[in-house]
Amino acid sequence: MNDERAQVADFARSLLGRTFTGHGVAVRISEVEAYGGVTDPASHAYRRTERSEIMYGEPWRLYVYRSYGLHWCVNIVTGPASIAGAVLLRAGSVVDGLALARERRGDVPDAQLARGPGNLGHALAITKADLGVDVCETTSVHLGPMLSTPEKIRSGPRVGVSRAADVPWRFWVAGDPSVSAYRRNPRAG
DNA sequence: TAGGCGATGACCT
DNA sequence: GGTCATCGCCTAC
């Protein structure tokens, strides 16, 4: 089981530096969080419900959910299906479609266009309509190639989760200005 | 069927 | 540093 959990963390790290395109805007991924599925109390897949069902299926699918009624958060299902792992895309820097991203996000500094999971989803115009798409297919939402290997990857506790908050499964590119600030969930103890 | 709560972000002091 | 908007989903009744 530990090996499978390590796979999810490796998957998360491997996404850093890759591009992710959503409806005409592309970002270079700078921050992610890994969720270990059935063995991870912080994961939506910890309980198998209709919503989390997609994480028990094929890897490379998009899992989109709404947070606090306002924000769309973007996850990539990693597999293996036996543990229902997924990786949350938390932040990135816009590398293509800058004008469109600015239009969607309004008057904010470029480094903040896709800073934080809600903002990233907004900049890429990801909604529930994109739930379940295969990100390896070159459609309006897809995962692109590695732009450049990140020089230094750092890790730390995940942001905002109230359970298993001390598991260091947040990974980010050191020094990247688009990485969001760490904030601990007040319920995490 | 009702109530509680959250993998957030923006704005306030 | 603290507060709050806002609504879909999950759980308990």
Searching all strands shown, indicate the nucleotide that pairs with dA7(B) (Watson-Crick or G-U wobble; both distances under 3.5 Å). none
Can you name the atoms? Protein N/O to nucleotides 10-13 of chain B N/O, anything below 3.5 Å, with the distance.
from: dA10(B); atom 1: OP1; to: Asn119(A); atom 2: OD1; distance (Å): 3.4

To the nearest Å, how far apart are Ile76(A) CD1 and dA7(B) C1'? 15 Å
Scanning both residues in full, the closest heavy-atom pair of Ser178(A) with Ser30(A) reads OG-OG, 2.8 Å
Rounded to whole Å, how long is the line connecting atom CG of Leu120(A) with atom C1' of dA7(B)? 13 Å
Which of Asp134(A), Leu131(A), Val141(A), Leu89(A) passes side chain to side chain contact (heavy atoms under 4.5 Å, CB included) with Leu62(A)? It is Val141(A)
Does the protein touch nucleotides 7-13 of chain C at the base, only the backbone, or not at all? Give it as B, S and - per nucleotide, heavy atoms under 4.0 Å. BSSSS--
Distance in angstrom units between Leu89(A) CG and dT8(B) P, rounded: 14 Å
Does Arg102(A) come within less than 4.0 Å of Asp110(A), counting only side-chain N to carboxylate O? yes
Figure out the CH2/C1' separation between Trp72(A) and dG9(B), and round it to whole Å. 16 Å
Ring of Tyr63(A), cation from Arg51(A) - is the NZ or CZ under 6.0 Å from the centre and inside 45° of the axis? no
How many whole angstroms separate atom OH of Tyr182(A) from atom P of dG1(C)? 13 Å
Would you mind checking if Arg154(A) and Asp176(A) are paired as a salt bridge, meaning a charged N to carboxylate O distance below 4.0 Å? no
Please state how far atom OH in Tyr65(A) lies from atom C1' in dC5(B), giving the value in whole angstrom units. 14 Å
Could you state the NE2-C1' distance from His71(A) to dG6(B), rounded to the nearest angstrom? 11 Å
Could you state the CG-P distance from Asp107(A) to dG9(B), rounded to the nearest angstrom? 18 Å
dT6(C): pairing nucleotide in any strand, Watson-Crick or G-U under 3.5 angstrom: none
Taking atom types as modelled and ignoring hydrogens, do the side chains of Ser180(A) and Arg90(A) form a donor-acceptor contact shorter than 3.5 angstrom? yes
Heavy-atom distance under 4.5 Å between the side chains of Pro117(A) and Leu88(A), does that happen here? yes
All heavy atoms of Val25(A) vs all of Gly97(A), minimum pair found to be CG2-O, 3.5 Å
List the steps, then state whether side-chain hydrogen bond (donor to acceptor under 3.5 Å, both in side chains) holds for Asp130(A) with His23(A). CA-CA 10 Å; Asp130(A) 300 305; His23(A) 304 282; 3.0 Å; yes
